Amino acid sequence: MLPLENLTVSQLLRRTAARFPARPALEYQAHMWTYQALDAQVDQTARRLLAWGIRRGARVGLWCEAEPNAIFLLYALFRIGAAATLLNTSLQRTELVELLRCTDVDYLIISDGYKGQYFPEICRNLIQELPCLQSVLSIGQDGGYDGLPTLDCLMEASEQALLLAEAEVTAQDIGTILYTSGTTSSPKAVMSTQYSRVNSGIQQAHDLGATETDRFCVAIPMFHCFCLSVNLIAACAVGACLYLPENRKTSTLLKAVSVGKCTILSSVPTLFHAILCRPDFQQWDLSSLRTGFIGGSFYPPELFRQINDGFGFTLLSSLGQTEATAGLTAASLDDPLETRAETVGHFMDHVEGKIVHIETGEPQPVGSPGEICVRGYLVMAGYYHQPDATAQAIDADGWLHTGDIGYLDGNGNIHLTGRLKELIIRGGENISPAEIEMALGDCPEIKECKAVGVSDRHYGEEICLCIVPQNGATIQKAAVCFKLAQRLAEFKIPKYILFLEALPRTTTGKIRPAELSKLAQKYLNIPSYYSNPQNC
């Protein structure tokens, strides 16, 4: 077990740069920065940010993709003690304005357009709309944009000014502000300390068995907690190389792994599956891959096995949450495939974990499902300016209630069965949607499916299973129900089955259960007699 380190992110980077000055730290489009060069670039960027007026405690919005300038900026913000407020690059303007307002962002830094959006045009008049916003900066890889200052045009504070600023920063300072996905309400702003961010990265690098010879392929957006810990900080912790693809298209990622000889690839199930389904998948050389984490959403064990075998590496299951910095459980490299596929592993080192009864809060014995709760260094500092919501998530004894439902087996591994807010309560029976979905995980005709609750006059809620068929596949409702009946109790068999072309998702790719439930009720012409408030 590695000890916890009382370090800031900047101290971690400086330590790694001293240990591995000539090792590659960052690669992008045939350009490479050693750890010594990265540390020097971060110093220069930090001096420019100081000259721009940013100080310790300022909230600085980063609306950027994972590109070198954004990496330099992120490390520079950590170095001077500002809170990096990472924004989803798929946000529409109204969503962006709301997040900037609710977190009192002082400065906004934007990068190139993504998914058809032209960032500078969207941001041009934000200062007039947001009294808290002092300035907007452009950091496009190919230069700036008319009317907006660029990073290169800023003056630089002195080295002495940087030394003084860096000396004030502590590991307990807020390092990042990230937003929850907001599937059932407006996103909450999660504050995490530099201490939790550093140690999360160190522990995940340890679970990956990472060393300075590894090469991390960044397949997850930078604004996701998963990417920060399992890629950026984990690589920095051991002196490994962070390999940045030009974008996150499946063909680009395959090229990145093949040409860049990446050894670690972590991602969400949807992206892994999309890569696996490419007709040219077998043509790429992925032999350099060693391991990687899968997480971010539910997946059936069969899909895990397909990814593990298809990519030819040791895939590690994990459970993470923005409120818990990133990962809170992880499988081990020496765990058998069955354990890695059917569980989310054990509680990570230095993490206290327990399973509690949903209603009473009492600890549950082995094999009994309940809510997963954790305590320790990884728990967030709180939601920004939302003390009531923070108190609901973290109890008086410091336990973070994750909202995930699962149970412990005799080997200390956690079996995930669903989400508390997605529970379907049918006539007093608590039904996990994930259990229904996983029972169909080996059906080749089904691309994806999601079970949701819909209103029912008698039971309060009934089950509706929404299915997206594979292209060209024909699926009979009777066959689906017959298969489920072989594996599930009668009360878990859906009353309704809908076939859809796609499921509604958040901008980070997670399914929106509440929206899907409303859509199902509309298609089925079901009036809202009753409604489970947890699904609203």
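Below, each value reflects all heavy atoms present in this structure, side chains not excepted, and no hydrogens, waters or symmetry copies. Bear in mind that the values here come from a model prediction, so they are computed numbers and not experimental data.
- Nearest heavy atom pair, residue G61 against residue L87, reads CA-CD1, 4.1 Å.
- Side-chain contact, T402 with E323: no donor N or O sits under 3.5 Å from an acceptor N or O.
- Ion pair R505/E448 flagged as a salt bridge, since at least one NZ, NE, NH1 or NH2 atom sits closer than 4.0 Å to an Asp/Glu carboxylate oxygen.
- In terms of modelled atom types and a separation under 3.5 Å, the side chain of R59 and the main chain of D104 share a donor-acceptor contact.
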Next on the checklist: Pair S455, E461 - check side-chain hydrogen bond (donor to acceptor under 3.5 Å, both in side chains), show working.
Outcome noted: CA-CA 5 Å; S455 295; E461 280 190 304; over 6 Å; no
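- Of all the heavy atoms in R305 and A341, the pair that sits closest is CG-CB, 4.0 Å.
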Item to check | Trace of the side chain to side chain contact (heavy atoms under 4.5 Å, CB included) decision for T176 with I174 | outcome: CA-CA 6 Å; T176 57; I174 300 300; over 6 Å; no
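- The structure places SG of C449 at 12.5 Å from CG of L498, a figure rounded to the nearest 0.5 Å.
- Under a 3.5 Å cut-off, the side chain of S267 and the backbone N or O of L271 do not form any donor-acceptor pair.
- A donor-acceptor distance shorter than 3.5 angstrom exists from the side chain of T180 to the backbone of K188, with no hydrogens or angles considered.
- For the residue pair D173 / Y195, no side-chain donor-acceptor distance below 3.5 Å is found, with atom types taken as modelled.
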Next on the checklist: Determine whether L2 and I202 satisfy the following criterion, side chain to side chain contact (heavy atoms under 4.5 Å, CB included), listing intermediate values before the conclusion.
Outcome noted: CA-CA 8 Å; L2 295 179; I202 290 173; 4.0 Å; yes
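- For the pair E352 and W399, the tightest heavy-atom approach, listed with the atom from each and the gap, is O-CZ3, 3.5 Å.
- At a threshold of 4.5 Å between non-hydrogen side-chain atoms, the residues V257 and L253 do not count as touching.
- Within the model, atoms CD1 of I424 and CD1 of I436 stand 5.0 Å from one another, a figure rounded to the nearest 0.5 Å.
- Taking the charged nitrogens against the carboxylate oxygens, R290 and D214 do have a contact shorter than 4.0 Å, which makes a salt bridge.
- The main-chain N or O of S196 is found under 3.5 Å from a side-chain atom of T193 such that the two form a donor-acceptor pair.
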Checklist entry - Are I233 and R197 close enough, and set up right, to give a side chain to side chain contact (heavy atoms under 4.5 Å, CB included), and what steps lead you there? => result CA-CA 8 Å; I233 307 300; R197 185 64 60 196; 4.0 Å; yes
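- Judged as a ring pair (Phe, Tyr, Trp, His ring centres under 6.0 Å), and not counting sequence neighbours, the contacts of Y407 are H415.
- How far CD1 of I405 is from CD1 of I414: 13.5 Å, rounded to the nearest 0.5 Å.
- Taking a cutoff of 4.0 Å between a charged side-chain nitrogen and a carboxylate oxygen, R248 and E65 qualify as a salt bridge.
- G296 approaches V268 most closely through the heavy-atom pair CA-CG1, 4.4 Å.
- Side-chain N/O atoms of S200 and T325 include no donor and acceptor closer than 3.5 Å.
- Here side-chain hydrogen bond (donor to acceptor under 3.5 Å, both in side chains) pairs that include residues 469-481, with residues two or more places apart or in two chains, number zero.
- Ionic pairing of D456 and K495 is present here: one or more N-O contacts between side-chain nitrogen and carboxylate oxygen are shorter than 4.0 angstrom.
- In this structure, F347 has no ring pair (Phe, Tyr, Trp, His ring centres under 6.0 Å) partners at least two apart in sequence or on a different chain.
- One finds the CG atom of L333 at 11.5 Å from the CZ atom of F313 (value rounded to the nearest 0.5 Å).
- Residues L86 and I177 have side chains not in contact (no heavy-atom distance under 4.5 Å, counting atoms from C-beta outward).
- Side chains of V480 and I467 form a contact here, defined as non-hydrogen atoms less than 4.5 Å apart.
- For K483, the NZ atom is densely surrounded, since the number of other residues' heavy atoms within 6.0 Å is greater than 12.
- Rounded to the nearest 0.5 Å, atoms CZ (R512) and NZ (K450) are 13.5 Å apart.
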Would you mind writing out the side-chain donor-acceptor pairs for residues 360-368 within the sub-3.5 Å range, not counting sequence neighbours?
| residue | atom | partner | partner atom | Å |
| --- | --- | --- | --- | --- |
| T360 | OG1 | E362 | N | 3.2 |
| Q364 | NE2 | P369 | O | 3.0 |

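- For the atom pair OG (S266) and CG (N231), the distance works out to 6.0 Å, reported to the nearest 0.5 Å.
- When the shell of 6.0 Å around NZ of K354 is examined, it contains more than 12 heavy atoms from other residues, nucleotides or ligands.
- The ring pair (Phe, Tyr, Trp, His ring centres under 6.0 Å) check on F272 picks up F311, with sequence neighbours excluded.
- A side-chain donor-acceptor contact under 3.5 Å links D409 to the backbone of N413.
- With 3.5 Å as the limit, one finds no donor-acceptor pair spanning the side chains of N199 and H350.
- With hydrogens and angles ignored, the 3.5 Å screen pairs no side-chain donor or acceptor of R101 with any backbone N or O of L130.
- Taking a 6.0 Å sphere around OH of Y523, one finds it holds 12 or fewer heavy atoms contributed by other residues, nucleotides or ligands.
- Between the N247 side chain and the K249 main chain, a donor and an acceptor come within less than 3.5 Å of each other.
- Using a 4.5 Å heavy-atom threshold, the side chains of L465 and V452 count as separate.
- Contact of the R278 side chain with the S251 side chain is registered, since non-hydrogen atoms from C-beta on lie closer than 4.5 Å.
- Under the side-chain contact (heavy atoms from CB on, under 4.5 Å) criterion, A324 pairs with Q321, L328, L378, L400, sequence neighbours left out.
- In this structure, S317 contributes its side chain and T343 its backbone to a donor-acceptor pair below 3.5 Å.
- Side chains of S229 and Q204 form a contact here, defined as non-hydrogen atoms less than 4.5 Å apart.
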Next on the checklist: With side chain to side chain contact (heavy atoms under 4.5 Å, CB included) as the criterion, how do L286 and F281 come out once you've worked through the C-alpha distance, each side chain's angles and the decisive distance to 0.1 Å?
Outcome noted: CA-CA 10 Å; L286 307 182; F281 176 74; 3.7 Å; yes
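- Although no hydrogens or angles enter the test, the distance criterion places a donor-acceptor pair under 3.5 Å between the side chain of W63 and the main chain of N88.
- A donor-acceptor pair shorter than 3.5 Å can be found between the side chains of Y179 and T103.
- A donor-acceptor pair is defined here as one N or O able to donate and one able to accept, closer than 3.5 Å; such a pair exists between the side chain of Q486 and the backbone of F482.
- By the 4.5 Å heavy-atom criterion applied to side chains, E129 and V97 are counted as neighbours.
- For the pair V351/Y377, a side-chain contact is recorded, criterion being any heavy-atom separation below 4.5 Å from C-beta on.
- With salt bridges taken as basic N to acidic carboxylate O contacts below 4.0 Å, one links R487 and D442.
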